Amino acid sequence: TLLMRDQIMLSTTQKLRRLLLPLLAASIATPLAIFAACYVTLSPASMAKYLLYQGRPMADYNVLDFAIHGLPKQTLSIPVRGGTSIKAFYFTRDEAPYVLLLSHGQLPLIYHLGFIKPALKNNFSALIYDYRGFGASGGTASTANMLEDGLAAFDYLVNVKKVPANKIILLGSSLGTGVTANLALKRKAAAVVLLSPYTTINRAAIDAIPACKMYPAWMYPTPVLTCLPLIKSKSNTPVILIHGTKDKSINVQNSRDLMQVAGQNCRYVELKDSPHNISLDVVYDQLNQLVRELNCASATRRRDRQLSQAG
């Protein structure tokens, strides 16, 4: 009888275990599954199209009336990989000493056209383009495509518009500083200007959204947009970093850290109490100073060649 009772109790215990264990596992697994799904969905790579690119596609730019601003321009379609093209505006000056190639920040180029004015005021020509997935450009926004688009815009100036590479000044603003820095590593230009740059876009994301710290590097958009390789390369190409101390989008410490690894050809302009968007007057002044420095360096090289030939 005792044996039978023990067997019944054992049988009951086994039944309860079979019943409760799946329930217990489900009660644990369901929250974990929900957490995992949220973790992946909210990762920097998944949220990039909402928080990083913000390209706001549009059918066309016909809403813009450049004539009232005295800005004659050519509308360009620059071919890129995948059978699509990116849209660009090319503003020309007669006998311009340089062409400014602008890689802008978030939102389409129509929100960044102010940079054209300091360029034209310095008698530069200027080309500003939209990345894939931005404005009226075709394709999809991604960091890989942005890097390719910068190269395509530069090559278009050289190969189609016949602008000598040493007459192109690269300017990147905010998000576009990583695009410009990559371009400067792969193409030789006259100079580079980076407005409100970051060391890496991953760091900029963490500065803006501290919760991003919980994500490993492989859960960020790749390839990583970064200015570090250019600055560390200590290239002979002149580089100017400009950053405001009150920048709430990309902390000024990014530029300070870049200067820690910079070479002699890198100059830093820190603007006290300036916000993220750099004043156009500052941009004009720095471009003007840059041209004087480039002309001086060119005159020095020319004199050195003459002395060498005479010797």
Side-chain angles (χ1 to χ4, degrees), residues 98 100-105 115 118-119 122 124 143 146-147 150-151 154 165-208 217 220 223-279 282-298 300-301:
Y98 294 98
L100 194 69
L101 175 56
L102 292 122
S103 299
H104 62 73
F115 288 122
N122 275 297
F124 292 177
T143 55
M146 291 173 69
L147 296 178
L151 292 167
F154 184 94
N166 64 357
K167 295 299 181 181
I168 299 175
I169 294 176
L170 309 177
L171 185 145
S173 174
S174 188
L175 175 64
T177 57
V179 177
T180 293
N182 176 75
L183 177 53
L185 278 174
K186 298 187 175 181
R187 300 290 189 272
K188 184 67 174 177
V192 180
V193 181
L194 302 178
L195 308 179
S196 307
Y198 41 79
T199 53
T200 70
I201 198 66
N202 296 9
R203 174 180 174 178
I206 291 170
D207 287 346
Y220 284 79
V224 175
L225 298 178
T226 175
C227 297
L228 270 172
L230 171 66
I231 304 303
K232 283 184 175 181
S233 72
K234 297 179 174 57
S235 165
N236 291 330
T237 302
V239 178
I240 303 174
L241 311 180
I242 307 175
H243 217 132
T245 60
K246 298 295 185 182
D247 190 334
K248 294 182 179 179
S249 298
I250 300 174
N251 194 286
V252 67
Q253 192 60 44
N254 282 268
S255 282
R256 292 170 180 169
D257 290 347
L258 287 171
M259 284 305 298
Q260 292 297 314
V261 297
Q264 292 183 345
N265 278 354
C266 190
R267 174 160 59 85
Y268 178 41
V269 180
E270 185 166 295
L271 305 173
K272 185 178 180 181
D273 297 328
S274 177
H276 180 66
N277 294 323
I278 304 298
S279 162
V282 171
V283 176
Y284 167 77
D285 290 340
Q286 291 302 318
L287 289 176
N288 190 273
Q289 180 178 340
L290 175 60
V291 170
R292 294 198 301 270
E293 292 169 352
L294 291 172
N295 290 342
C296 182
S298 177
T300 300
R301 288 193 299 271

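Quick note: residue numbers are just sequence positions, from 1. We use all heavy atoms of the structure for the numbers below, so side chains are in, but hydrogens, waters and symmetry mates are not. Note that the structure is predicted; figures quoted are calculated from it, not measured.
- At a threshold of 4.5 Å between non-hydrogen side-chain atoms, the residues Leu241 and Arg256 do not count as touching.
- Between the side chain of Ser103 and the backbone N or O of Gly172, no donor-acceptor pair lies under 3.5 Å.
- Leu100 is not listed as a side-chain neighbour of Phe115, based on a closest heavy-atom distance of 4.5 Å or more.
- How far OG of Ser174 is from CG of Leu194: 11.5 Å, rounded to the nearest 0.5 Å.
- In this structure, Thr226 contributes its side chain and Thr199 its backbone to a donor-acceptor pair below 3.5 Å.
- When side chains are defined from C-beta on, Lys186 counts as touching Leu151, because their heavy atoms get closer than 4.5 Å.
- Rounded to the nearest 0.5 Å, atoms CD1 (Ile169) and CG (Leu101) are 11.0 Å apart.
- Once rounded to the nearest 0.5 Å, the distance linking OH of Tyr198 with NE2 of His243 reads 11.5 Å.
- Across Ile168 and Ala189, no two heavy atoms sit closer than the pair O-CB, 3.3 Å.
- Side-chain contact between Val291 and Leu287 is absent, with no heavy-atom pair separated by less than 4.5 Å.
- Pairing each heavy atom of Ile278 with each of Gly244, the nearest pair is CD1-N, 4.2 Å.
- Not a single donor-acceptor pair under 3.5 Å links the side chain of Asn122 to the backbone N or O of Phe124.
- Taking SG of Cys266 as the start and CG of Leu258 as the end, the distance is 7.5 Å to the nearest 0.5 Å.
- Rounded to the nearest 0.5 angstrom, Ser233 OG and Ile231 CD1 are separated by 7.5 Å.
- Summarising the geometry of Ile250 relative to Pro197, their closest heavy-atom pair is CG2-O, 3.3 Å, with the distance given to 0.1 Å.
- For Asn265 against Ser235, the heavy-atom pair with the smallest separation is ND2-O, 3.5 Å.
- Ser173 contributes no side-chain N or O that, together with a main-chain N or O of His104, makes up a donor-acceptor pair within less than 3.5 Å.
- Taking both residues in full, the closest heavy atoms of Cys227 and Ala181 are given as CA-CB, 3.8 Å, listed atom of the first, atom of the second, then distance.
- Side-chain contact between Thr143 and Ile201 is absent, with no heavy-atom pair separated by less than 4.5 Å.
- Results of the side-chain contact (heavy atoms from CB on, under 4.5 Å) test with Leu171 over Thr180, Leu102, Thr177 single out Leu102 as the only residue that passes.
- Contact annotation: the side chain of Arg267 approaches that of Gln289 to within less than 4.5 Å [non-hydrogen atoms, C-beta and beyond].
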- Message: As a quick check of understanding, evaluate side-chain contact (heavy atoms from CB on, under 4.5 Å) for Val269 and Gln286, giving each step before the final call.
- Response: CA-CA 9 Å; Val269 180; Gln286 291 302 318; 3.7 Å; yes

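- Between the OG atom of Ser196 and the CG atom of Asn254 there is a distance of 10.0 Å, given to the nearest 0.5 Å.
- Considering every non-hydrogen atom in both Lys188 and Phe154, the closest pair reads O-CZ, 3.7 Å.
- Contact check for Leu147 versus Leu225: side-chain heavy atoms found under the 4.5 Å cut-off.
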Check: Arg203 and Asp257: side-chain contact (heavy atoms from CB on, under 4.5 Å), yes or no, with the steps?
Finding: CA-CA 12 Å; Arg203 174 180 174 178; Asp257 290 347; 2.7 Å; yes

